[in-house]
Amino acid sequence: MVVTHFGESEEPRGPEAMTAGAETPSRPPADWRRRYALGLFITDALALIWVVFGTQIAWLGWHAELRLSPGLEWSYTLASTVLIILWMIALTLRDSRDPRIIGVGWEEYRRVVEASFSLFGVIAIVAYLWQINIARGFLLISLPIGVVLLVITRWLWRQWVQVKRSQGQYAARALLLGSPASIAHIARELHRSPWAGYEVVGACVPGGQAGMRIPGVDVATFGDVEVDDIGAALAATGADTVIVTSTDELSAERVKAISWELEAGRQHLVVAPSLTDVAGPRIQMRPVAGLPLIHVETPRFSAGQRFAKRALDLFASVLGVIVLSPLLLVLAIIVKAGSPGPVLFRQVRVGFEGREFTMLKFRSMVEGAETQLEQLRLRADAGNEVMFKMRDDPRMTRVGKFMRRYSLDELPQLFNVIAGQMSLVGPRPPLPSEVERYADHVHRRFLVKPGITGLWQVSGRSTLSWDDTVRLDLSYVDNWSLLGDLLILLKTGRAALAPGDTAV
């Protein structure tokens with residue numbers, strides 16, 4: 001039997017002790033984490049050298065002197081060198097290159113910012129106490145530029161490592177422990193997000209035997225989770241991470257025993273709660289009486305958050321209309337000249353709190369296209385069971401096909417944003433006929449204003465199933481943040497310029 005997994009196929013390596021004839025992946029180079037951390041170290045150093053010495057030359061020149069005390073002076077070149085060394089030490093002490101935080105989440109960036117501001121805070125205090133007359137401009141320029149450059153280089157590394165992870169490299173090799181249902185659930189979620197850096201290589205289940213299959217996913221078992229098969233399973237699969245997918249089958253003593261069996265520094269234990277699509281500030285770990293309690297806050301939309309989101313919407317949409325007005329005029333002329341019918345297509349959609357509004361788009365189809373919809377539903381080859389999409393829709397005009405591909409037909413919705421009916425970022429505004437088919441929980445989408453773009457649009461668009469579309473929209477509603485909106489807008493710009501095959 002061949003054991004396949006979420007990742008690249010490699011040569012078989014010693015699993016015969018557990019599954020006769022099974023093929024398991026060989027262990028990837030154990031030092032990839034060290035090599036990656038070394039790469040970060042080098043680019044951090046180069047970035048800081050460029051920033052600090054560049055600031056010194058531009059602000060003070062090469063030969064400026066720093067007076068430390070009467071009779072003791074340093075050249076600013078030496079001071080810059082010391083600053084770079086201290087900055088690198090601060091980044092190291094803050095564990096900003098920890099492999100467990102690379103490639104996903106905000107923790108890596110947060111640690112870079114915290115280490116940098118903490119260092120400069122200490123320098124400011126020392127300079128005040130010792131009355132060191134260090135040039136303020138030198139520090140005030142070096143800090144923000146240095147932080148920005150460090151974050152940019154880390155982001156570039158992240159893009160590279162995510163490409164590698166999509167190819168099955170630079171990922172932790174995960175052995176899943178728990179019930180078959182919970183293992184299948186976690187395995188599917190990890191497979192859906194390879195950029196998260198976990199490659200499932202096997203599982204152990206209650207009463208399991210080597211060579212069994214987990215229903216619904218392509219994962220093989222390597223023994224019984226309740227007995228001492230974990231060490232052998234780790235050796236057979238080359239796993240360096242154990243993920244407990246459910247604790248109903250494992251006592252607290254058994255989980256602790258498993259953690260004690262792991263090799264310190266190389267193998268890690270992760271306990272996955274039965275919870276998905278909840279992230280960010282809503283999750284708080286608060287140890288109570290020795291219990292690692294995970295607190296999940298209910299979604300809150302404060303007046304300040306709504307004001308910040310509306311301010312961003314209003315500022316960006318007004319600016320967008322002003323900047324894009326020549327393009328809007330050209331598109332309007334082309335649409336009008338291209339085929340009979342109005343320039344704008346108006347359609348009733350459902351928005352915030354279930355209220356209906358008229359959404360604007362540049363007309364991309366022939367006049368009367370909606371009357372042909374029912375005839376084409378059986379020919380749909382994109383979209384999903386609720387949202388109709390068709391890759392080669394015969395109702396599309398030549399100009400409309402081009403505008404759809406690059407999302408230019410959506411630009412008039414900036415006026416919907418200015419009017420307060422929509423937001424720049426939010427769930428897709430549905431048709432009333434689609435809302436009639438919603439399950440009760442899907443109505444949570446109406447807790448926020450619908451958006452011109454959203455999480456699902458930058459995560460697959462027409463290739464997503466209805467369940468995935470709902471999951472992404474509800475995840476956005478439950479975990480909204482202003483920074484998240486900015487990231488989605490950046491991804492939208494990239495998707496619009498290079499739409500790929502998902503644009504329909």
Side-chain angles (χ1 to χ4, degrees), residues 309-352 356-367 369-370 382-383 387-391 393 395-431 448-462 473 476 485-504:
K309 186 172 177 64
R310 179 58 182 158
L312 173 64
D313 286 342
L314 200 55
F315 173 78
S317 55
V318 171
L319 180 63
V321 168
I322 294 172
V323 172
L324 297 174
S325 55
L327 176 60
L328 294 173
L329 179 60
V330 170
L331 290 174
I333 294 172
I334 293 175
V335 170
K336 187 64 177 177
S339 64
V343 171
L344 294 178
F345 173 69
R346 293 174 169 84
Q347 190 175 49
V348 174
R349 298 290 181 110
V350 181
F352 180 56
E356 294 185 351
F357 70 99
T358 300
M359 190 182 75
L360 303 177
K361 297 176 71 173
F362 278 125
R363 182 174 55 83
S364 59
M365 294 185 176
V366 297
E367 193 173 11
E370 289 188 287
M387 296 186 296
F388 172 82
K389 293 282 186 179
M390 194 172 180
R391 295 189 182 280
D393 196 322
R395 303 172 297 165
M396 199 85 67
T397 64
R398 183 179 302 177
V399 173
K401 187 174 295 186
F402 174 81
M403 289 194 302
R404 281 281 188 96
R405 180 166 180 79
Y406 293 96
S407 300
L408 297 174
D409 61 320
E410 312 280 355
L411 291 179
Q413 290 167 34
L414 290 171
F415 293 101
N416 287 118
V417 176
I418 294 173
Q421 299 162 329
M422 294 181 64
S423 176
L424 292 174
V425 182
R428 171 187 171 274
L431 294 164
V448 298
K449 292 179 182 178
I452 298 177
T453 185
L455 189 56
W456 76 271
Q457 287 96 325
V458 297
S459 304
R461 293 177 74 171
S462 301
D473 275 346
Y476 172 82
D485 276 5
L486 294 175
L487 281 178
I488 290 174
L489 289 173
L490 289 175
K491 291 181 179 180
T492 300
R494 183 172 61 183
L497 293 174
D501 296 333
T502 64
V504 178

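Starting from 1, each residue takes its place in the sequence as its number.
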Working to the nearest 0.5 Å, report the span between CZ of Phe315 and CD1 of Ile418.
12.5 Å

Sidechain-backbone polar pair: Tyr476 side chain, Val425 backbone, donor-acceptor under 3.5 Å
yes

Kindly give the heavy-atom pair with the smallest separation between Pro429 and Gly451, and that separation in Å.
CD-O, 3.7 Å

The reported gap from CG in Leu424 to CG in Asn416 (rounded to nearest 0.5 angstrom) is 11.5 Å

Identify, with sequence neighbours excluded, every residue that meets salt bridge (Lys or Arg N to Asp or Glu O under 4.0 Å) alongside Lys361.
Asp409, Glu410

Side chain to side chain donor-acceptor pair (under 3.5 Å) against Asp473, all qualifying residues, sequence neighbours excluded:
Arg445

To check you understand the geometry: which heavy-atom pair defines the closest contact between Phe402 and Leu408, and what is its length?
CE2-CD1, 3.8 Å

Looking only at atom types and distance, does a side-chain atom of Thr397 sit under 3.5 Å from a main-chain N or O of Met365, one as donor and one as acceptor?
no

Side-chain touch Val335/Met403, heavy atoms, less than 4.5 angstrom:
yes

Other residues, nucleotides, ligands: >12 heavy atoms within 6.0 Å of Arg310 CZ:
yes

Non-hydrogen side-chain atoms of Gln421 and Gln413 separated by less than 4.5 Å:
no

First locate atom OH of Tyr406, then atom NZ of Lys401, and finally report the distance between them rounded to the nearest 0.5 Å.
13.5 Å

Main-chain N/O of Met359 paired with Arg349 side-chain donor or acceptor, under 3.5 Å
no

d(Phe362 CZ, Leu411 CG) to nearest 0.5 Å is 6.5 Å

One should read off an interatomic distance between Leu489 CG and Lys491 NZ, to the nearest 0.5 angstrom, of 11.5 Å

If you compare all heavy atoms of Phe352 against all heavy atoms of Val448, which two are closest, and at what distance to 0.1 Å?
CD1-C, 3.7 Å

Got a second to check how far Leu319's CG is from Leu314's CG, nearest 0.5 Å?
11.0 Å

Side chains of Pro412 and Leu344: does their closest heavy-atom pair fall under 4.5 Å?
yes

Identify the heavy atoms of Leu414 and Gly320 that sit nearest to each other, and give their distance.
CD1-C, 4.2 Å

With heavy-atom distances below 4.5 Å as the criterion, would you say the side chains of Asp313 and Lys309 are in contact?
yes

Is there any side-chain hydrogen bond (donor to acceptor under 3.5 Å, both in side chains) pair reaching into residues 316-345, and which pairs are they, with sequence neighbours excluded?
Ser339-Arg363

For Leu431 and Val348, the nearest pair of non-hydrogen atoms, with its separation, is CD2-O, 3.8 Å

